[in-house]
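Hydrogens, waters and symmetry mates play no part in the numbers below; they use all other heavy atoms, side chains included. These numbers come from a predicted model, not from an experiment.
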Amino acid sequence: MAVTSYAYIWRTTVLHRRELGGSMAEDGPPPFPPGADLDEVQTPEHGSGDLMHRTYRSRIRESELDARGLMARVCADPNVVAPNALARFQKVEGPEGRMAVGDEFSIRMPGPWDGPVRCIRVDDRSFRFATLEGHLEAGQVEWAAADLGPGLVAFRVESWSAPGDRLSNLMHHHLRMAKEVQLHMWTSVHERVAKLCGGRLDGGIDIETRTAAVPRG
C-alpha cells in the first residue's frame, strides 16, 4: 500500500494521495437508477484495462454558500468551476441553466478526447454522469456537496471507470499521462469550488485511487 502526501511545485494546494488495491465487489460503480437511459452508455466492461475507483475530497471553510447553494450554481453551469484550459462543458441535450436527468454534455478537452456524458441522477446536492460511446473513460462520475457545519462545506468528485479503449489504457495506466492530466483537472475543480464559495480549502485535497481487475468475456 502506497501513501503519499505532497504539494505540486506549481501550486500551493497540498494533495494527499493514496493508491490501493481494490475489488469490483467493493469498488465497482453504483447501480444505474431505475429507468435510466442506457443507450450508448459505456460501462467498465466496455473499456480496456483495470477499473479505477477514484475519490477527490475537500473541505471548504468560511464558505458563503451551503451545499445546496453550491450545487445549484454548479448544476446551472459546470463551467463555473471547470478549468477551461483542460475541460469545457458544452450542453448538447437539455435546456441551459439547470441540470436534469437525460441532459447530455460534450466535455471539450485538449487532443482527440472530447468526452460525451449523460446525467443519470441529480438532486439538490449531487449529480452523476455516465460516459457515452467515444469517451476516453467507461463508467460513471459523481459530483456532490454536504454541509458539515456553519460555513463548512464538503465537496467530492468520485468516479468508477476503466479506460475507454486500448489507447486510453496505454496513456492512463502505462505512460500515466492521462492520469496526471486528470489529477490536475480535478484538483483545479476543487480549488475553483473553494473560490466560488468565497472560502478556503481546509487541509488540502484528499485523493484515493483503488484499482480492480474488470472481468470481461
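- Within the model, atoms CZ of R125 and CZ of R156 stand 13.0 Å from one another, a figure rounded to the nearest 0.5 Å.
- Inter-residue side-chain proximity for P30 and R128 is flagged as met; some heavy-atom pair is nearer than 4.5 Å.
- No path of Ile, Leu, Val, Met, Phe, Trp and Tyr side chains, each step under 4.5 Å between heavy atoms, connects V214 with V41, placing them in separate hydrophobic clusters.
- Taking the six-membered ring for Trp and thresholds of 30 and 60 degrees, W186 and Y56 have ring planes inclined between 30 and 60 degrees apart.
- Proximity of a side-chain donor or acceptor of R216 to a complementary backbone N or O of G47 within less than 3.5 Å is detected.
- Residues L70 and V193 have side chains in contact (heavy-atom distance under 4.5 Å, counting atoms from C-beta outward).
- Under a cut-off of 6.0 angstrom, the local environment of CZ in R98 is crowded, with over 12 non-hydrogen atoms contributed by other residues, nucleotides or ligands.
- Note that CE of M71 is 6.0 Å distant from CZ of F155, once rounded to the nearest 0.5 Å.
- A donor-acceptor pair is defined here as one N or O able to donate and one able to accept, closer than 3.5 Å; no such pair exists between the side chain of H135 and the backbone of L132.
- Between the H16 side chain and the G203 main chain, a donor and an acceptor come within less than 3.5 Å of each other.
- Each of I60 and L152 belongs to its own hydrophobic cluster when Ile, Leu, Val, Met, Phe, Trp and Tyr are linked at side-chain heavy-atom distances under 4.5 angstrom.
- A donor-acceptor contact shorter than 3.5 Å is absent between the side chain of R73 and the backbone of C197.
- When the options Q140, H53, E137 are evaluated for a side chain to side chain donor-acceptor pair (under 3.5 Å) with W160, the one that passes is H53.
- Using modelled atom types, no side-chain atom of T209 and backbone atom of R54 make a donor-acceptor pair closer than 3.5 Å.
- The main-chain N or O of D39 is found under 3.5 Å from a side-chain atom of R118 such that the two form a donor-acceptor pair.
- Here the CD-CD distance, from E208 to E19, works out to 10.5 Å after rounding to the nearest 0.5 Å.
- A salt bridge between D206 and R18 is present, with a side-chain N of the basic residue lying under 4.0 Å from a carboxylate O of the acidic one.
- At least one donor-acceptor pair under 3.5 Å links the side chain of N79 to the backbone N or O of F89.
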